[in-house]
Amino acid sequence: MPLLIWSQSNFEKAEKLFHVKKYDEAQLLFEAILKTRPSDIKTIEYLGEIAAYHKSWIKAGEYYKKLKELKPTEAEYFYKYGGALAMRAMEVNKLKAFGLVEDMKGAFEKAIVLNPKHIPARWALIELYLQLPGILGGSESKALSYSNELAALSLVDGYMSKGRIDEYFKRYASAEKYYIKANEIGKSKTTFQKLYNLYLNKLKDPKKARELKQKFESS
């Protein structure tokens, strides 16, 4: 069988395995395809997704790095590369984690340059600026500026991110106001959950949590 036909039929087989969550079998096929087509975008992307599923963040980062080099205009690949670095940073010691910060920041910022409407990259930068110590560039004002950009793209995300910033700094009463606004507009499981968790775990107000849950379940 000619090589091209072999890799095409194997790719379809691998794709089917991936979609039914048989990731280990799919991985073996995709890796074999990559040997014959080392720059195949879709194959590398699938391998990146499988590595991320297995929480193999170094491997996932390598695949996404290759993708952003092959397609330097694709915002999503920069975002996923930054995401893999962020997950890796959570597993290593602080010193190693801080060594990843600049690459992480650069990847998320590049995703926004390539796609000015990229919402998840802004969320990632908000988290980064909240969690970094000030000495390494952590900054509430930078987190807020990305929150304002989110608000211009999506009112719900704007309110949610402002609530997140206030919650991070233990300004729970203010966070509640933002989460209520987000929930009034969004009416989604995500907006409900944020407000519910705030009532239950931070404001220690089980009555409000219960009332909110009843309202959400009956709507």
Side-chain angles (χ1 to χ4, degrees), residues 48 52 55 57-58 60-62 64-65 67-68 72-183 185-186 188 190-199 201-203:
K55 295 184 168 49
W57 301 116
I58 294 177
E62 284 165 1
Y64 292 132
K65 188 178 185 186
L67 283 171
K68 72 185 183 71
T73 56
E74 182 53 63
E76 204 56 21
Y77 296 151
F78 283 87
Y79 169 67
K80 286 182 173 179
Y81 174 63
L85 291 180
M87 296 308 287
R88 170 95 180 114
M90 287 163 77
E91 293 180 343
V92 296
N93 65 47
K94 272 191 175 158
L95 203 62
K96 264 191 181 161
F98 293 146
L100 300 169
V101 165
E102 283 311 308
D103 275 0
M104 226 188 292
K105 213 188 285 182
F108 294 137
E109 285 167 355
K110 182 72 173 171
I112 292 169
V113 170
L114 293 169
N115 175 5
K117 291 182 177 174
H118 205 291
I119 286 174
R122 286 180 173 84
W123 267 107
L125 283 161
I126 288 169
E127 279 304 318
L128 195 61
Y129 282 119
L130 287 181
Q131 312 232 8
L132 272 183
I135 195 166
L136 287 156
S139 157
E140 185 184 353
S141 65
K142 280 183 181 168
L144 267 172
S145 73
Y146 282 110
S147 172
N148 292 334
E149 285 183 23
L150 275 179
L153 295 168
S154 153
L155 214 47
V156 173
D157 284 280
Y159 286 134
M160 287 282 277
S161 57
K162 285 199 170 52
R164 168 70 187 125
I165 292 166
D166 278 334
E167 185 182 352
Y168 183 85
F169 290 107
K170 297 183 169 61
R171 299 188 292 254
Y172 299 137
S174 180
E176 178 192 7
K177 285 174 193 163
Y178 285 123
Y179 286 154
I180 285 171
K181 283 178 180 175
N183 194 43
I185 303 166
S188 70
T190 309
T191 58
F192 153 74
Q193 203 70 55
K194 274 288 178 193
L195 186 55
Y196 180 77
N197 289 344
L198 185 80
Y199 284 146
N201 305 319
K202 304 290 166 64
L203 288 167

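Here N183 contributes atom CG and K194 contributes atom NZ; the two are 13.0 Å apart, rounded to the nearest 0.5 Å. The line from CG of L150 to CZ of R164 is 13.5 Å long, rounded to the nearest 0.5 Å. Atom CG of L130 and atom CG of L125 lie 11.0 Å apart (nearest 0.5 Å). Between the CE atom of M160 and the CG atom of L195 there is a distance of 9.5 Å, given to the nearest 0.5 Å.
When the side-chain hydrogen bond (donor to acceptor under 3.5 Å, both in side chains) test is applied to K202, the partners found at least two apart in sequence or on another chain are E167. Annotation: side chain to side chain contact (heavy atoms under 4.5 Å, CB included) contacts of S174 (sequence neighbours excluded): D166, R171, Y178. Evaluation of the side chain to side chain contact (heavy atoms under 4.5 Å, CB included) rule for N197 yields Q193, N201 as partners, not counting sequence neighbours. Checked against side chain to side chain contact (heavy atoms under 4.5 Å, CB included), L144 has the following partners two or more places apart in sequence or in another chain: E140, K162, I165. Contacts of S141 classified as side-chain hydrogen bond (donor to acceptor under 3.5 Å, both in side chains), with partners at least two apart in sequence or in another chain: S139. Applying the salt bridge (Lys or Arg N to Asp or Glu O under 4.0 Å) criterion to E176, with sequence neighbours excluded, gives K208. Looking at residues two or more places apart in sequence or on another chain, you find a ring pair (Phe, Tyr, Trp, His ring centres under 6.0 Å) between F192 and Y196, F216.
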Under 3.5 Å, sequence neighbours excluded: what are the donor-acceptor pairs made by side chains of residues 76-84?
| residue | atom | partner | partner atom | Å |
| --- | --- | --- | --- | --- |
| E76 | OE1 | H118 | NE2 | 2.9 |
| Y77 | OH | E45 | OE1 | 2.8 |
| K80 | NZ | E49 | OE2 | 2.7 |

Less than 3.5 Å apart, which donor and acceptor atoms pair up between the side chains of residues 85-113 and the rest of the protein, not counting sequence neighbours?
| residue | atom | partner | partner atom | Å |
| --- | --- | --- | --- | --- |
| E91 | OE2 | W57 | NE1 | 3.3 |
| N93 | OD1 | L95 | N | 3.2 |
| N93 | OD1 | K96 | N | 2.8 |

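Surrounding CD1 of I58 are at most 12 heavy atoms belonging to other residues, nucleotides or ligands under 6.0 Å away. Few gaps surround NZ on K68; more than 12 heavy atoms of other groups in view lie less than 6.0 Å from it.
For residues 137-172, the set of pairs meeting the ring pair (Phe, Tyr, Trp, His ring centres under 6.0 Å) definition, not counting sequence neighbours, is empty. Among residue pairs with one or both ends in residues 146-158, those qualifying as salt bridge (Lys or Arg N to Asp or Glu O under 4.0 Å) are R122-E149; sequence neighbours excluded.
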V156 vs T190, side chain to side chain contact (heavy atoms under 4.5 Å, CB included): CA-CA, chis, key distance, verdict: CA-CA 10 Å; V156 173; T190 309; over 6 Å; no
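Shortest non-hydrogen contact noted between S154 and I119 is CB-CD1, 4.0 Å. Contact record, S161 with I126: CB-CD1, 3.7 Å, taken as the closest heavy-atom pair. Nearest approach of A52 to A60, heavy atoms of both residues: N-CB, 4.0 Å.
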